[in-house]
4 protein chains.
Amino acid sequence: MEHIPDRIDTGVQRREESAAERWARFAPITTGDEYVASLRNRGVTVYLFGELVAEPVDHPIIRPSINALKRTYDLAVEDPDLATAHSLLIDAPVNRFLHIVGSPHDLVMKNRMQRRMGQLTGTCFQRCAGLDTISVLHSITYDIDQAHGTSYHQRYLDFMKEAQRNNIILGAGMTDPKGDRSKRPSEQADPDLFLHVSRRTEKGIYVRGAKAHMTGGLNSHWIAVMPTMNMGEKDRDYAVVGLVPGDAEGITYIYGRQSCDTRAMEAGDIDKGNAQYGGQEVLVVFDDVFIPHAHVLMDGEYGFAQEMVARFTAYHRASYVCKTGLGDVMVGAAAAIADYNGADAASHVKDKLVEMTHLNETIFSSAIASSHEARQLPSGIFMNDAMLANVCKHNVTRFPYEISRLAQDLAGGLMVTLPSEQDFDHDVAGPILKKYFQGRANVPIEFRQRMLRLVENMTLGRNAVGYLTESLHGAGSPQAQRIQILRGMEVERKKGYARDLAGIRQQEHGAA
Amino acid sequence: MEHIPDRIDTGVQRREESAAERWARFAPITTGDEYVASLRNRGVTVYLFGELVAEPVDHPIIRPSINALKRTYDLAVEDPDLATAHSLLIDAPVNRFLHIVGSPHDLVMKNRMQRRMGQLTGTCFQRCAGLDTISVLHSITYDIDQAHGTSYHQRYLDFMKEAQRNNIILGAGMTDPKGDRSKRPSEQADPDLFLHVSRRTEKGIYVRGAKAHMTGGLNSHWIAVMPTMNMGEKDRDYAVVGLVPGDAEGITYIYGRQSCDTRAMEAGDIDKGNAQYGGQEVLVVFDDVFIPHAHVLMDGEYGFAQEMVARFTAYHRASYVCKTGLGDVMVGAAAAIADYNGADAASHVKDKLVEMTHLNETIFSSAIASSHEARQLPSGIFMNDAMLANVCKHNVTRFPYEISRLAQDLAGGLMVTLPSEQDFDHDVAGPILKKYFQGRANVPIEFRQRMLRLVENMTLGRNAVGYLTESLHGAGSPQAQRIQILRGMEVERKKGYARDLAGIRQQEHGAA
Amino acid sequence: MEHIPDRIDTGVQRREESAAERWARFAPITTGDEYVASLRNRGVTVYLFGELVAEPVDHPIIRPSINALKRTYDLAVEDPDLATAHSLLIDAPVNRFLHIVGSPHDLVMKNRMQRRMGQLTGTCFQRCAGLDTISVLHSITYDIDQAHGTSYHQRYLDFMKEAQRNNIILGAGMTDPKGDRSKRPSEQADPDLFLHVSRRTEKGIYVRGAKAHMTGGLNSHWIAVMPTMNMGEKDRDYAVVGLVPGDAEGITYIYGRQSCDTRAMEAGDIDKGNAQYGGQEVLVVFDDVFIPHAHVLMDGEYGFAQEMVARFTAYHRASYVCKTGLGDVMVGAAAAIADYNGADAASHVKDKLVEMTHLNETIFSSAIASSHEARQLPSGIFMNDAMLANVCKHNVTRFPYEISRLAQDLAGGLMVTLPSEQDFDHDVAGPILKKYFQGRANVPIEFRQRMLRLVENMTLGRNAVGYLTESLHGAGSPQAQRIQILRGMEVERKKGYARDLAGIRQQEHGAA
Amino acid sequence: MEHIPDRIDTGVQRREESAAERWARFAPITTGDEYVASLRNRGVTVYLFGELVAEPVDHPIIRPSINALKRTYDLAVEDPDLATAHSLLIDAPVNRFLHIVGSPHDLVMKNRMQRRMGQLTGTCFQRCAGLDTISVLHSITYDIDQAHGTSYHQRYLDFMKEAQRNNIILGAGMTDPKGDRSKRPSEQADPDLFLHVSRRTEKGIYVRGAKAHMTGGLNSHWIAVMPTMNMGEKDRDYAVVGLVPGDAEGITYIYGRQSCDTRAMEAGDIDKGNAQYGGQEVLVVFDDVFIPHAHVLMDGEYGFAQEMVARFTAYHRASYVCKTGLGDVMVGAAAAIADYNGADAASHVKDKLVEMTHLNETIFSSAIASSHEARQLPSGIFMNDAMLANVCKHNVTRFPYEISRLAQDLAGGLMVTLPSEQDFDHDVAGPILKKYFQGRANVPIEFRQRMLRLVENMTLGRNAVGYLTESLHGAGSPQAQRIQILRGMEVERKKGYARDLAGIRQQEHGAA
């Protein structure tokens, strides 16, 4: 590997745990409470507001993001038809977030579960990128093995058995920092701007680099690191897929800020808007982290990087159907405020609720259509239709913004002028506020406060990150979808339809 | 029936043919040519431009609309997987336009065939309302029988066997003229403004009234007359469903005009834009037309009128997926003109083609999602999801207009300033035009003419009726979809999600 | 001029009339009738449908376009405050379409007159490009004279005195056919694809080439030929501005088709929609046409071509305010049909009328703002703000399409299924149609017919060319405005605002 | 006043200061620093986060809102042409925010100054409602005097002389809490839900009630209380206009929360996004506040309440042109980030900047058009065009949301995942972040941080309140504009245009 010799073997030495040693730290999880317990005392290094976090589980800003993932466990208990599936791999029911999609129906059920989770949490519940990674790795390890005679697929299956038995959360570490975007991984001034193999030993490999804005990274038990884009021969060391426990030696987390994040640290629960649930984005730094061979699923097969990313985006862009669950909350919140204001019978109010619903269901239809129209891959699993997944995601980059605008319209200006919960509780100020903010008779003022704060939370506050900006950029920014649509639009075939109807017989002219 | 005594028994006497006599006039049709032949010499009364049409098949304005239906026969021959299905009723393959939908897959295949037909004809091929009527009548006759002990369903099955064996075209006569829209059928000053039973004899019933803007009415072998809206007890005589051959005594057709319709009568085929295919809308007048009992599928069961209409709109609003076939033609035509103009590499051109495709596929996804998400009705057949069908149709009332605008953008202004084909053929004017309208080298000027005329045809001309205005109003105007979305949006459930997240515990307050 | 020697002097010899001889054929026009009379017996060569037109004034397809221009004369008589202005040049009132804009107020009054003309004719009245040319030539001849010591400006003033005294119509011949768009004028395979000087004699010059889709070209008394884009030194012969009477030797007109154009040749006036008024686009071919020196306003000063075009687009893009007059007609027509259908009280109907009005007034505001914000040019006249003019035109490429869609929504499907006027007049069919198309009591069916046909005319038919496609492409296609907006958006200044607020002090870093 | 006897004379006794006594507390202000000083030590009662604020000027959350107003003083010093005008009242230059609009030009200059202030502060600078109130009161006091023989206009002029001489800030107290919206002021269960006269003494009146979401209320020297809607005879005591110093006895302020408000209390200035400027919304409670007769400008003349509100909305809806200044910042910030990311040459990036600019300038054109088209009122001042002002504001309820979405698109996902400023400063985490978030060479990472935080601030954070939600609801929610557009759209006139063109001669039928 003479092309990047100085990057290899940084000489760092970590404890070279085997796969078995790593799994030995886990025990099967069933309930949400067990999940929360499983995150305690992991000894991970986490920075937030310039300080090391002693125990992330107890940090008021981090906890809501954990609660969102916790809900994925509880839902499986409450509604197993929706949120579990029978795994052929271990011949037992598993959480659907760990299920290998064996049919279009599995993909459709995935979408239904995602919408439901959106309704229940009103935020990003952070488990979809990992779920979609599971599907991608099933098929891509199979294809690599076919081409290169490797045995990644069996490693994958072995890992997945443990993952399903222990009901762990797998996070997807995909987005490298990228540095200068006009340069390839191997051309960057700092080789670490894309994650790469930094050392190879008898027992495994070491990886070095970082994964940026990793959704729910800190709340995951395991992280799959994967290439973020197509790779060339010189990028061979960057074409690496590995599975790493979140508490592995050498990993550092730096927590991303969100709008209104510190409200979680205030007293009271009204002004938080959605006190229980939130999303999470972290920078995960890999400072020469060891991965045993059993957990390496690609190492140098750069020719498969692009296809891996393409499959990931196909799966993951349809996963944005979760936003229709948040859209349902927006419709409900806007309708409730209209009730509280006594405006629910106005025709323009009903018309705006219809428009919000229409947009929301349009998103839903693209996602679910993509899943129904899935096709089988060589490894035997199914992948949803890529064109429709891109169409779904592209609508997600637009419609939640309009739904959000309409919700703010129905909420009224009070949403951004309402005094704090503390003022409502104050001996002097409180009674004044209650006197003057009384709306429709019989509707407690607290209801108005809470519902207004919820809309604020989802359109300006912490969960606006998940409902709006993440809808724009997650799984690829708008232009990324347009490029895929351009590639898949089959314009030559369509020109043929037009020529036939226009009566153009090209062959007679040998032209155009 | 004392409430409308004077409407009963107009005393008109027609030849009271039996069902068998009526079917005796038909023979099985296989090819498109046979279909065209089957329409000849029917002796129907048709007015167009103030004149009786001697033979509609030979009229240059009418013929393109027949050609579009002809294509449905030829497609079944060319691509039987797509355009035929196995009928359990006669245990034989049948044209999919006559197939009773037995599964979600049948509905999905219907959508695929509709898109394909749109690609092939670039217009409304007029056979979908009849197709959707077949599904509606299967289930509604079953339900009426269950409620009233009637035997409509068996009559329906008997009719369908003949229909399938003979491969006939069934048209849907649904929209009554309606007169004063603030009044119910039985309250109209002129009782005929809604079609109704005007006489009852031993052998059958007579119907009187008219069906307005009936798509492909003149090109249909049989017409199903059906109520157009909910009915009350006093509208009992208006709650009638019957099957009538298009050449029955007492039927008169008056042909609807379309933009640029008379170009079909000009010499040459370039300026027509799409010389071969067109749509058709007619007023069909029923002047005491006889229907034997065997062909009566509802007579007075007014309580089922609303549900019948609801099912029809659910089926039919998803059938507007056909417009994505026309959208494919628009994308192809716009791309081809950009090629001819040498502008195909411009980034804004590609971006507009992507936008057109994105909108088109959004429509497609709503339709196909609606079909995949179908549910079974008591009669055993499947009905597609009503919410998603409304969402599909509602997008159809918007996106084709934007696609059309973008196509005109890429076409350039020449589309509306190009001289006539005759000028291009003129000894003096022709060479001048060819000199000055030469674009990219090697592209014959005729190609530009033809492609520009095709875009004109679909955005301003004859097939703009089908691509734009019919997309707006067919199967219900935009407001009709909004009403259905309002009804189906389950806002109370969604308010519950919002309350849960906002931390509102209603029971503690007994409020709001 | 060795670079294009073979193009010079085609050897063709025309009668070399002096300016005075040419003006001698004119007499002052006051009324619309006098205008129509002035067009008779000019002996122009016009092709339409492959035939020479004997007398354009009497051709039923051409006449409505003449009527629209006729209205500009009558309006000046009826409402002189609006449609005339005092000319300092001849110290007398002149038609505002011939007025040299001496102030922002003149530009505002121009916009008001344009909107009014749109309301009165419902079509393109074809006199704006000439009007804006008058302003452009005033300033550009002045600037050329300053730079080159020429005397074009005095020639211009002399011409304008005659033009104002005789109240003639000046047409703008700007758009060359352009051929291969990747090549400059002097590089085209056929030198005639851009109009150019083909011969120079003692008395004047000859020009050769063509001007494509020239609005109202045949209805103009004089034509100003001008460059259509920036020119380089090698394009010197193409940098020519000249004034030519429409009946000059060597000019040929070939008439452009429009949607539904032949309805003008049908009997009756209902189905025409707007029987009286229409637009006109013609190809005007200059086969070595002579121009005396007195009527040459640029000859070789290629450096001014780009600025001339820039000024023309600034003036002309705001002239698209005329479409708000057509928008007023659309609002009125949609409201009237809603009345006729008895739907005028529905909230969604009112809401759609509001949306149509909102969009229409948004266009209006950009135009009128552009005029109010005019700045003085060196020649003393005023030019409206270029950025706002581009914004106006860019909205015109979008909003009329949406207004049109909403009008079709309110019109209902009958707009495209209504039988012909001839059927309504037929002995048998007529009474049937009148029976079944009766709507709201007391509203004659003919009213519905007429109003529906008007909406058809403006959204699909002949005047949809003016209301829609011309709105898209006239004065530059959408991308042309985006390029101008990009150029004028002063992004560096705006980055400075952002840096100041973000607290970025660039100088401290010497960066970015 | 027997209709609400129990509301009169609450018996509360305040110090009954004369107008002169009140003005005696003021001294002329010139610079921004003097303005800030003038706010100190006023002894006002302010609640924020459940606590009394000792000195609002020093509170880190409040101070940025004061800075925004401070900028209005400094701008007058820096750019007197823009931000001052010559007052005829005191024959001296005055801050334009206190100028009585004497011409359309004054209104245009107002708009220019508003845009400039938006560029300089990136937030709501809170002085426009007061400015527009000045215009409204000039004309309405004049009109009341004409009708009722009162002398309010002279009182107004006297007040304005002092206001101009002292260069004070006048805030507009308009929006009452309104309680049950289906009831009129005099019908509310709690009479205080609309501000009203609670006592009358020899020296003046007492008012009682509250004004909700008052922009910049706490930062104003004087507050004008005014009716918020039309009033009937029974609401006579609610038809009151008075001028009150912000530190009058009986006034309490309760501060409204904003998204991310507490970031202002964090260390560092990066994460604040716009550390210097912010908006302010407060609830202002009037607990029997005394107003001397000299400062009462309406008392019981209920018939003028509606017209007063109508004029206020006409003026104020065009004042939303300020958002184009914020739009300029958005364009600049998005362009700067694209630079920092090395994406500035991408065609889709440029296209999005063009779209943002196009939308922004569309807003600008409606505002400025409205001002240019102003008409004179009886009192001699000018009022901008109401239709165009409504059109302006209605576009403001839409376009900033789309501009914001596009800015987030160009900003990239990092905007919502970036760790805190404290992490960047941390010994261990800081270097890691700087290593991995390095983008384009030579661009300091701090630049990216600051620019991303600015976009966050304006689209999700504190100034998103001003740029988005206030754009939606300020000066009336979207539906309020639609109602005004409906009222002003002159649909009957437009129907006439349509009838004329359609050839409908109504008089011949006496119909429709």
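A, B, ... follow the sequence lines: proteins, then strands. Residue 1 opens every chain. For clarity, every value in this text was computed on a predicted model and none was experimentally measured.
Here C/A498 is the residue among C/G273, C/G122, C/A498, C/S370 with the most heavy-atom pairs under 4.5 Å with chain D. With respect to chain C, the highest number of heavy-atom pairs below 4.5 Å among D/K350, D/M489, D/Q119 belongs to D/Q119. If you tally non-hydrogen atom pairs under 4.5 Å between each of C/G503, C/A333, C/A335 and chain D, the highest count goes to C/G503. The choice from C/I483, C/L501, C/I485, C/V329 that makes the most heavy-atom pairs within less than 4.5 Å of chain D is C/L501. Most heavy-atom pairs under 4.5 Å with chain D, from the set C/V331, C/D351, C/V491, C/L359: that is C/D351. When each of C/A275, C/A334, C/S365 is scored by its heavy-atom pairs under 4.5 Å with chain D, the top score falls to C/S365. Put simply, of D/E492, D/Q449, D/E490, D/E373, the one with the most heavy-atom pairs under 4.5 Å next to chain C is D/E373. Of the residues considered (D/L353, D/D385, D/I363), D/L353 shows the highest number of contacts with chain C, using heavy-atom pairs under 4.5 Å.
Across every non-hydrogen atom of D/G278 and D/N463, the tightest pair is CA-OD1, 3.6 Å.
For a residue to count as touching a neighbouring chain, one of its non-hydrogen atoms must lie under 4.5 Å from one of that chain's; by this rule D/L120 touches chain C with the backbone only. Both the backbone and the side chain of C/N395 come within less than 4.5 Å of a heavy atom in chain D. Interface remark: D/D500 contributes no atoms to any contact with chain C (heavy atom separation under 4.5 Å). For chain C, no part of D/T123 is nearby; none of its heavy atoms comes within less than 4.5 Å. At a 4.5 Å heavy-atom cutoff, the contact between C/E361 and chain D is made by backbone and side-chain atoms alike. No part of C/D269 comes within reach of chain D, as not one of its non-hydrogen atoms sits under 4.5 angstrom from that chain. Within the 4.5 angstrom heavy-atom criterion, only side-chain atoms of C/R493, from C-beta onward, approach chain D. Contacts of D/L388 with chain C are made by side-chain atoms alone, with heavy-atom separations under 4.5 Å and no backbone atom involved.
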Can C/N360 and C/T324 be said to form a side chain to side chain donor-acceptor pair (under 3.5 Å), step by step? CA-CA 6 Å; C/N360 204 41; C/T324 60; 5.1 Å; no
Can you list the steps and then say if C/Q114 with C/F125 is a side chain to side chain contact (heavy atoms under 4.5 Å, CB included)? CA-CA 9 Å; C/Q114 288 166 322; C/F125 40 89; 4.3 Å; yes
Could you go through the side chain to side chain donor-acceptor pair (under 3.5 Å) check for C/R448 and C/N341 one step at a time? CA-CA 9 Å; C/R448 293 182 82 190; C/N341 289 343; 3.1 Å; yes
As a quick check of understanding, evaluate side chain to side chain donor-acceptor pair (under 3.5 Å) for C/N67 and C/Q276, giving each step before the final call. CA-CA 7 Å; C/N67 289 342; C/Q276 218 179 334; over 6 Å; no
Show your working on side chain to side chain contact (heavy atoms under 4.5 Å, CB included) between D/R263 and D/R462 and close with a plain yes or no. CA-CA 9 Å; D/R263 283 209 195 169; D/R462 192 166 177 189; over 6 Å; no
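Judged by a 6.0 Å distance limit and a 45° cone about the ring axis, C/R115 is positioned over the six-membered ring of C/F364.
Contacts of C/H358 classified as ring pair (Phe, Tyr, Trp, His ring centres under 6.0 Å), with partners at least two apart in sequence or in another chain: D/H394. Every residue meeting the side-chain contact (heavy atoms from CB on, under 4.5 Å) condition with C/Q484, not counting sequence neighbours, appears here in chain and number order: C/R317, C/N390, C/R487. Evaluation of the salt bridge (charged side-chain N to carboxylate O under 4.0 Å, His left out) rule for D/E355 yields C/R398, C/R482 as partners, not counting sequence neighbours.
A salt bridge does not link C/K323 with C/D328: none of the charged nitrogens is closer than 4.0 Å to a carboxylate oxygen. At a threshold of 4.0 Å, the pair C/D339-D/K495 counts as salt-bridged, since one of the basic side-chain nitrogens sits closer than that to a carboxylate oxygen.
Side chains of D/Y277 and D/R71 form a contact here, defined as non-hydrogen atoms less than 4.5 Å apart.
Defined by atom type and a distance below 3.5 Å, a donor-acceptor pair is missing between the side-chain atoms of D/S371 and D/N384.
Contacts from residues 450-459 of chain C to chain D, taken as heavy-atom pairs separated by less than 4.5 Å, involve C/R450, C/M451, C/L454 in sequence order.
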